[in-house]
Amino acid sequence: MNNADKKLQAIAAIKATHLNNIGVQCFDADYFRSLSIDLQNRLLFCINSGIENPESDMGCYAGQPDDYDDLSPFFSQVISRHHGVSESARHACGWSTGFEDGSDRTPSELDLKKLGLAPCSMRIRVGRNFDDLPLTSAMNMVQRFKLEERMTTVFAAMQASSAYAGTYHSLTPGHANTITDEQRQGLIDDHLLFKPMDKDPFLAAAGIANDWPHGRGCYVSFDQSFVVWVGEEDHLRIMTMQTGHRLAKLLSDLKSFIQAIVLYSSSDFALSDRFGFITTCPTNIGTGMRASVHLRLPALTAGGSEEKVKKIASPLGLSVRGLGGEHTPIGYDGTVDISPRARFCISEEEIISRLFAGIAALQKAEAQCKAGQSTQL
């Protein structure tokens, strides 16, 4: 039995026992056999993480920027299941903040101060991948070095910008900007750098953790408002973070930061006419964007549990996380991380608007809980 046959056999077994493994559930043997040998190999590569980790919910990662289009019958089903859209859905490509065109909606309408909130920790990040390199799952060591070298040049150019000037911290041994283990841990503790990837079974099976820690690092502006992760799940995770009230300004600042990166890199990001911005994981396809706010909800989280918050947030399309990300505890004072789940078939502006509306609803529920009233919205 050859390797492909072994994987097909494994897929059939997992299909029967792990109904939540989207990649495996969407795998169609007849479609697979209709493909060329090259596309068969690419499809098997994409779902390898789901085969080696049957308990995975997504169960697949793209390997090449063109995988979503070249394997669209498979990825259309995957995206449909995860994002709750039709298999023929198309993402409307094109960034829009909606706050520069003289429309009725203005940045002040997304001011958290209007909800009676003290300054909040706010963050928006997007995943981006260059179209002339494999995605992080399929990169070799040389390609990882090429990505880091390209971005080191970009970051050097940013030193002339008063808004974005900062420091690149490399995890690559021997790099001119290599940091110590203590510096690395300090950046992780401050949520400015991603955690080690080599122990993650999902990332390892997908190939994303290969060659760790070579070709990885993070750029942090001197005021810590602008951050770029290099070589994590996507080529780049570009983010802006502030403590304040104005969500719309945060979005506008991120847009300007991304434009600066594109200008300095002289390279294009991978973009599909149908699927939007290409990301390694289908969960982020479309905008590749996650916007979040740290919201203090002591009444709803009394006893240290976020279950009440999740019960309210889920119908609103919001995810609730701990302060260190998924599967981490909430803050001792009842602070949780709130973000809209939607990434696909939605605009960046709509994501921010949904976040604001969700925070308003949670604030109302928090007030009701403090008053001993029902939290029905």
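Cluster membership for F277 and V78, using ILVMFWY side-chain heavy atoms within less than 4.5 angstrom, is not shared. By the criterion of side-chain heavy atoms lying less than 4.5 angstrom apart, applied directly or through intervening Ile, Leu, Val, Met, Phe, Trp or Tyr residues, I261 is not grouped with L135; the two fall into different hydrophobic clusters. Residues F45 and L8 fall into different hydrophobic clusters, defined by Ile, Leu, Val, Met, Phe, Trp and Tyr side chains chained together at heavy-atom separations under 4.5 Å. M122 and L362 fall within a single hydrophobic cluster, where Ile, Leu, Val, Met, Phe, Trp and Tyr are joined by side-chain heavy atoms under 4.5 Å apart, directly or via other members. Using a 4.5 Å cut-off between side-chain heavy atoms of Ile, Leu, Val, Met, Phe, Trp and Tyr, with links allowed through other members, M289 and F344 fall into different hydrophobic clusters.
Side chains of T301 and K308 form no contact here, defined as non-hydrogen atoms less than 4.5 Å apart. Using a 4.5 Å cut-off on side-chain heavy atoms (C-beta onward), P119 and H245 make contact. In this structure the side chain of N210 never reaches within 4.5 angstrom of the side chain of M139, judged on heavy atoms. Taking 4.5 Å as the limit, some side-chain heavy atom of R90 sits within range of a side-chain heavy atom of D273. For the pair V126 and L236, the minimum side-chain heavy-atom distance is 4.5 Å or more. Contact annotation: the side chain of T167 approaches that of F222 to within less than 4.5 Å [non-hydrogen atoms, C-beta and beyond]. Taking the side chain as every heavy atom from C-beta outward, L39 and L71 approach each other to under 4.5 Å. Using a 4.5 Å heavy-atom threshold, the side chains of I124 and L251 count as touching.
Between the CG atom of L43 and the CD1 atom of I11 there is a distance of 7.5 Å, given to the nearest 0.5 Å. Here CZ of F226 is found 9.5 Å from CE of M158. Values are rounded to the nearest 0.5 Å. We find the OG-CD1 distance between S72 and I79 to be 9.5 Å, quoted to the nearest 0.5 Å. Interatomic distance, I51 CD1 to S56 OG, rounded to the nearest 0.5 Å: 11.0 Å. Between the CD1 atom in I312 and the CD atom in E366 there is a gap of 9.0 Å [rounded to 0.5 Å]. Distance CG/D5 to NZ/K7: 12.0 Å, rounded to 0.5 Å.
Each of R290, R321, K310 was compared with D337 under the salt bridge (charged side-chain N to carboxylate O under 4.0 Å, His left out) criterion, and only R290 meets it.
Scanning all heavy atoms of the two residues, the minimum distance from D211 to N140 falls at OD2-C, 3.8 Å. In terms of heavy atoms, A205 sits closest to E52 at CB-OE1, 3.5 Å. Heavy atoms only, all atoms of each residue included: A361 and L316 are closest at CB-CD1, 3.7 Å. Here the closest non-hydrogen pair linking C46 and F75 is SG-CZ, 4.0 Å. Nearest heavy-atom pair across C60 and P282 is O-CD, 3.5 Å. When all heavy atoms are compared, the tightest approach of A291 to I351 is CB-CG2, 4.1 Å.
Between H91 and F275, the distance from one ring center to the other does not fall under 6.0 angstrom. The aromatic ring centroids of F130 and F269 lie less than 6.0 Å from each other. Between F32 and F27, the ring center distance clears the sub-6.0 Å criterion.
Through side-chain heavy atoms spaced under 4.5 Å, either directly or across other Ile, Leu, Val, Met, Phe, Trp or Tyr residues, I188 is tied to Y61, L171, I179, L187, L192, L193, F194, M197, F202, L203, I208, W212, V220, V227, W229, M239, M241.
The cationic group of R274 does not satisfy the cation-pi geometry with Y68, failing either the under 6.0 Å distance to the six-membered ring centre or the 45° limit from the ring axis.
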_Stepwise side-chain hydrogen bond (donor to acceptor under 3.5 Å, both in side chains) check, Q242 with D253_ = CA-CA 10 Å; Q242 299 171 13; D253 288 348; 2.8 Å; yes
*Show the numbers, then the answer: is there a side chain to side chain contact (heavy atoms under 4.5 Å, CB included) between L297 and E306?*
CA-CA 9 Å; L297 300 169; E306 69 270 36; over 6 Å; no
*Does the pair R246 and D111 meet the rule for a salt bridge (charged side-chain N to carboxylate O under 4.0 Å, His left out), with working shown?*
CA-CA 5 Å; R246 299 174 61 193; D111 190 337; 5.5 Å; no
_Y219/Y168 under ring-ring contact (aromatic ring centres under 6.0 Å, His included): CA gap, chis, key distance, verdict_ = CA-CA 4 Å; Y219 180 81; Y168 179 59; 7.4 Å; no
*Given side chain to side chain contact (heavy atoms under 4.5 Å, CB included), test E232 with T136 step by step and report yes or no.*
CA-CA 7 Å; E232 195 229 13; T136 58; over 6 Å; no
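In this structure, R296 pairs ionically with D333, as a charged nitrogen and a carboxylate oxygen lie closer than 4.0 Å. Using a cut-off of 4.0 Å between Lys/Arg side-chain N and Asp/Glu carboxylate O, D30 and R33 are scored as salt-bridged. A salt bridge links E233 to R237: at least one charged side-chain nitrogen sits closer than 4.0 Å to a carboxylate oxygen. Remark: D67 engages R42 in a salt bridge, criterion side-chain N to carboxylate O under 4.0 Å. Salt-bridge annotation for R184 and D189: absent, with no side-chain N of the basic residue lying under 4.0 Å from a carboxylate O of the acidic one. Using a 4.0 Å cut-off between a side-chain N of Lys or Arg and a carboxylate O of Asp or Glu, D198 and R216 do not qualify as a salt bridge.
Checked by atom type, the side-chain pair D28/Q77 shows no donor-acceptor distance below 3.5 Å. Checking D223 against S225 by side-chain atom types alone, a donor-acceptor pair falls below 3.5 Å. For the residue pair D234 / T280, a side-chain donor-acceptor distance below 3.5 Å is found, with atom types taken as modelled. There is no side-chain donor-acceptor pair under 3.5 Å between N21 and K15.
Within the 3.5 Å criterion, the main-chain N or O of H175 finds a donor-acceptor partner in the side chain of T178. At distances below 3.5 Å, not a single donor-acceptor pair connects side-chain atoms of S266 with backbone N or O atoms of V262. For the pair N284 (side chain) and T279 (backbone), a donor-acceptor distance under 3.5 Å is absent. Between the S80 side chain and the V85 main chain, a donor and an acceptor come within less than 3.5 Å of each other. Listed for the H235 side chain is a donor-acceptor partner under 3.5 Å among the backbone atoms of P134. Not one N or O on the side chain of R354 forms a donor-acceptor pair closer than 3.5 Å with the backbone of E349. Side-chain atoms of T180 come within 3.5 Å of backbone atoms of Q183 as a donor-acceptor pair (strictly under, hydrogens ignored). No side-chain donor-acceptor contact under 3.5 Å links Q185 to the backbone of E182. Of the possible polar contacts, none joining the S252 side chain to the K249 backbone as a donor-acceptor pair under 3.5 Å is found. Of the possible polar contacts, one joining the S267 side chain to the S265 backbone as a donor-acceptor pair under 3.5 Å is found.
Listed by chain and number, the residues in a salt bridge (charged side-chain N to carboxylate O under 4.0 Å, His left out) with E148 amount to none (sequence neighbours excluded).
Within 6.0 Å of CD on E87 lie more than 12 heavy atoms contributed by other residues, nucleotides or ligands. A 6.0 Å sphere centred on CZ of R125 holds more than 12 heavy atoms belonging to other residues, nucleotides or ligands.
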